[in-house]
2 protein chains.
Amino acid sequence: MKKKVTIKEIARELDVSVSTVSKALRNRKEIGAETTQRIQAFAKLLNYKPNSIAISLKNKRSRNIGVIIPEIVHHFFTTVISGIETAANNLGYNVIVCLSNESFDKEVINMETLAGSSIDGFILSLTKETQKKKDFHHLLEVIDQGMPVVMFDRVTEEINCDKIVVDDAYAVYNATNHLILSGCKRIALLTTMDYVSVGKQRTMGYLNALNDAGIQVDENIIVRIENIEHCENQISSLFEDQKFDAVLSVNEVFAVTAMRQALNRGLKIPEDVSFIGFTNGLLSKYFYPRLTTIVQHGYKMGEKAAKILIERLEDEEEEEKPFIKEVIKTSLRERESTKSI
Amino acid sequence: MKKKVTIKEIARELDVSVSTVSKALRNRKEIGAETTQRIQAFAKLLNYKPNSIAISLKNKRSRNIGVIIPEIVHHFFTTVISGIETAANNLGYNVIVCLSNESFDKEVINMETLAGSSIDGFILSLTKETQKKKDFHHLLEVIDQGMPVVMFDRVTEEINCDKIVVDDAYAVYNATNHLILSGCKRIALLTTMDYVSVGKQRTMGYLNALNDAGIQVDENIIVRIENIEHCENQISSLFEDQKFDAVLSVNEVFAVTAMRQALNRGLKIPEDVSFIGFTNGLLSKYFYPRLTTIVQHGYKMGEKAAKILIERLEDEEEEEKPFIKEVIKTSLRERESTKSI
DNA sequence: TATTAACACGAAAACGTTTTTCTTAGTATA
DNA sequence: TATACTAAGAAAAACGTTTTCGTGTTAATA
């Protein structure tokens with residue numbers, strides 16, 4: 001087992017001072033060409049790797065960014081992480097991932113541990129619990145310590161920071177319109193509780209589309225689902241007296257669960273009922289029939305978030321740049337579960 | 001923006017030495033009860049948080065563990081990460097995630113950056129490319145520097161370290177048997193190229209099961225798929241002259257793709273053809289019909305990996321414990337795509 | 001009373017860097 | 001010749017901790 005080689009050892013071996021070694025390695029011109037050359041060659045020979053912890057301590061920055069997401073076993077979030085990771089790595093940063101598991105307490109704990117200085121900034125998406133509680137003291141605290149925060153997808157207006165979201169309302173507005181244009185008259189909505197920021201936005205998009213098309217909103221075909229594990233029953237009650245010819249769902253799982261029930265009852269998709277989901281995951285892509293879906297471009301979102309954060313981190317200017325709110329455009333991926341227009 | 005408070009400032013304010021503060025905060029008994037009390041109260045008041053980077057530098061350990069996985073948009077890997085994360089957090093460690101994106105080069109780069117001392121140990125699953133190339137110098141290097149490595153799922157015998165795998169061969173052996181017992185006679189296999197360690201193991205399990213049951217192996221109904229994007233054609237050729245009554249697939253996507261084709265041709269599942277997949281993801285759970293699947297218990301695998309790594313990290317003993325190879329038992333989740341026995 | 005032990009705390013070194021300041025010799029200028 | 005300047009490198013301080021080794025009191029013991 002080889003010992004880690006440090007600048008100090010190089011200095012000793014070459015009989016120069018540590019400062020000389022340090023400068024030589026960083027190509028400072030105050031060190032003679034020959035000495036520099038000699039030191040660099042020796043360092044390479046010994047396979048010297050700078051100790052990043054020492055550098056972090058000295059420079060007061062770790063080049064690590066912390067990412068906190070509610071859940072990782074989730075297509076959308078993994079694509080976002082993927083984007084963050086790629087962008088961050090390209091800019092010389094590492095990504096430390098923490099899972100809040102949709103728990104407020106864990107979100108707080110994660111922030112506190114990470115903020116303990118091994119991290120330069122945060123990217124996060126709020127848990128449902130946090131959105132419900134509206135308790136953001138942990139965010140305020142890290143921001144107050146000068147740590148930049150970028151929120152994505154599940155954001156809150158109550159915190160001042162960079163945000164990056166999807167045009168949820170508009171996306172659903174469009175999708176609803178698409179259904180209307182393809183001839184659907186009675187569009188059911190499978191959504192979440194209103195305290196989930198994105199769920200609320202999406203519901204609004206749906207409502208607006210119906211209004212604009214002069215279609216009466218029917219609360220009986222709007223299903224608000226609290227728990228994904230128990231969505232089956234709530235959805236099946238929709239089918240009791242089937243009064244809809246399309247279903248718009250706020251995620252993949254609700255959509256697919258509804259499709260199964262439709263199939264079970266012998267309904268034809270999309271002839272009898274059309275379906276549109278959200279999140280372009282494996283389910284949408286491979287279900288039979290394949291599900292038309294709103295794609296959120298999570299990868300791009302992640303990239304963008306990382307770039308915004310890092311830009312702020314590397315900004316030397318004294319005056320703070322104003323916070324930005326970036327909206328990522330969704331697109332509709334038409335597949336087999338909808339009629340073409 | 002509040003400045004970060006350090007031990008030094010506490011010492012100054014309270015007119016004691018930094019060593020006294022440090023000791024008081026860690027409850028050393030060499031500091032008087034009253035002083036300790038006073039210091040702790042003041043630290044709390046100022047919301048003092050130790051600087052973990054400084055601690056890392058001093059203690060030569062960061063309490064960070066690096067995780068490198070081939071792909072994150074993948075159900076199995078996310079469950080593993082989830083397990084790693086939970087176990088690691090419980091033991092006071094943070095998880096730094098890097099993605100190799102199935103690229104050998106990126107795997108090497110990731111290891112090198114992470115090894116640059118901000119990490120105490122590694123957990124990783126090899127990329128396909130690495131398994132094909134059989135080039136493990138980057139692993140040898142970090143191990144040689146005394147950094148413990150735990151490999152999971154996609155492992156190699158050529159490196160000496162802790163490993164944690166699934167009983168792939170046995171799992172598929174069992175699943176095949178299950179199909180045979182349920183009356184299937186001609187079982188097709190959808191698998192990957194042999195250089196993928198797990199693919200190879202799984203194929204072997206299949207072969208052994210057939211042999212033990214005295215069923216002739218038919219190479220025509222074994223499909224080796226290189227690229228998941230182009231599996232459609234290879235699978236459909238299987239159906240040309242359909243000579244099978246069951247399909248065993250080495251992952252979800254192949255299974256579901258085949259099921260779609262069966263459905264398209266009007267075949268009944270499971271009456272005409274039975275299906276078994278691997279990886280208990282959303283697809284298996286929500287496809288119609290629901291897919292019987294081999295569940296790998298990725299979460300448990302991740303937990304185990306983290307525990308093994310951390311145990312080794314915290315082991316003070318001089319003599320190295322021998323490396324262990326833990327096998328996680330799979331189980332078969334029976335659903336609608338197979339006939340019951 | 002002199003010696004020792006326990007106690008409570010401070011000083012300083014150390015972790016591995018980077019950076020600022022200081023030194024010395026040699027060279028150029030007036 | 002005296003002065004200033006430059007180049008090349010050394011020394012030291014700093015980042016925020018932890019830990020080892022003192023050291024001065026006070027209390028207990030011989």
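Numbers restart at 1 for each chain; the letters A, B, ... are given by sequence-line order, proteins then strands.
When all heavy atoms are compared, the tightest approach of A/Asn94 to B/Cys98 is ND2-SG, 4.1 Å. Between A/Gln131 and A/Leu126, the closest heavy-atom pair is CG-CB, 3.9 Å. Here the closest heavy-atom approach between residue B/Thr156 and residue B/Lys163 is recorded as O-NZ, 3.0 Å. Of all the heavy atoms in B/Ile164 and B/Lys304, the pair that sits closest is CD1-CB, 3.2 Å.
Within the nucleic acid shown, A/Thr6 comes within 4.0 Å of sugar-phosphate atoms alone, with no base atom in reach, counting heavy atoms only. Among the heavy atoms of the strands lying under 4.0 Å from B/Arg28 are primed sugar atoms or P, OP1, OP2 only; no base atom is included.
Counting to the nearest Å, the P atom of C/dG10 and the CZ atom of B/Arg12 are 15 Å from each other. Here D/dT18 presents its P atom at 12 Å from CG of B/Leu57, a figure rounded to the nearest Å. Distance, B/Ile39 CD1 to C/dA8 P: 13 Å, rounded to whole Å. Atom CG in B/Asn51 sits roughly 12 Å away from atom P in D/dC15 (whole-Å rounding). Distance CD1 (B/Ile53) to C1' (D/dA14): 15 Å, rounded to an integer number of Å. Going from atom CG of A/Asn59 over to atom P of C/dG16 covers 17 Å, rounded to whole Å. Note: CG (B/Asn27) to P (D/dT18) measures 12 Å, nearest angstrom. Atom CZ in A/Arg26 sits about 7 Å away from atom C1' in C/dT18, given to the nearest Å.
Nearest to the side chain of B/Lys58, among D/dG16, C/dT17, C/dT18, sits D/dG16. Checked against C/dT19, D/dC15, D/dT17, the side chain of A/Lys60 finds its nearest nucleotide in D/dC15.
Using a distance-only test at 3.5 Å, with no hydrogens or angles considered, a donor-acceptor pair links the side chain of A/Ser100 to the main chain of A/Ile69.
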Nucleotides 4-12 of chain D: which of its N/O atoms have a protein N/O under 3.5 Å away?
| residue | atom | partner | partner atom | Å |
| --- | --- | --- | --- | --- |
| D/dG9 | OP1 | A/Thr35 | OG1 | 2.5 |
| D/dG9 | OP2 | A/Gly32 | N | 2.6 |
| D/dG9 | OP2 | A/Thr35 | OG1 | 3.2 |
| D/dA10 | OP2 | A/Ser17 | N | 2.9 |
| D/dA10 | OP2 | A/Ser17 | OG | 3.2 |
| D/dA10 | OP2 | A/Thr20 | OG1 | 2.3 |
| D/dA10 | N6 | A/Lys23 | NZ | 2.7 |
| D/dA11 | N7 | A/Ser19 | OG | 3.3 |
| D/dA11 | N6 | A/Ser19 | OG | 3.2 |

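For the 3.5 Å distance criterion, the side chains of A/Ser17 and A/Thr20 qualify, holding a donor opposite an acceptor. Judged purely by distance below 3.5 Å, without hydrogens or angles, the side chains of B/Tyr48 and B/Thr6 never pair a donor atom with an acceptor atom.
Annotation: ring-ring contact (aromatic ring centres under 6.0 Å, His included) contacts of B/Phe104 (sequence neighbours excluded): B/His138.
Between A/Lys8 and C/dC15, a side-chain N or O to OP1/OP2 separation shorter than 4.0 Å is present.
Counting non-hydrogen atoms of neighbouring residues, nucleotides and ligands closer than 6.0 angstrom, the CD atom of B/Gln37 reaches no more than 12 such neighbours.
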Q. Reading DNA chain C 5' to 3', how would its secondary structure be written in dot-bracket notation, given Watson-Crick and G-U pairs with both distances under 3.5 Å, brackets [ ] for crossing pairs and | for partners on other strands?
A. ||||||||||||||||||||||||||||||
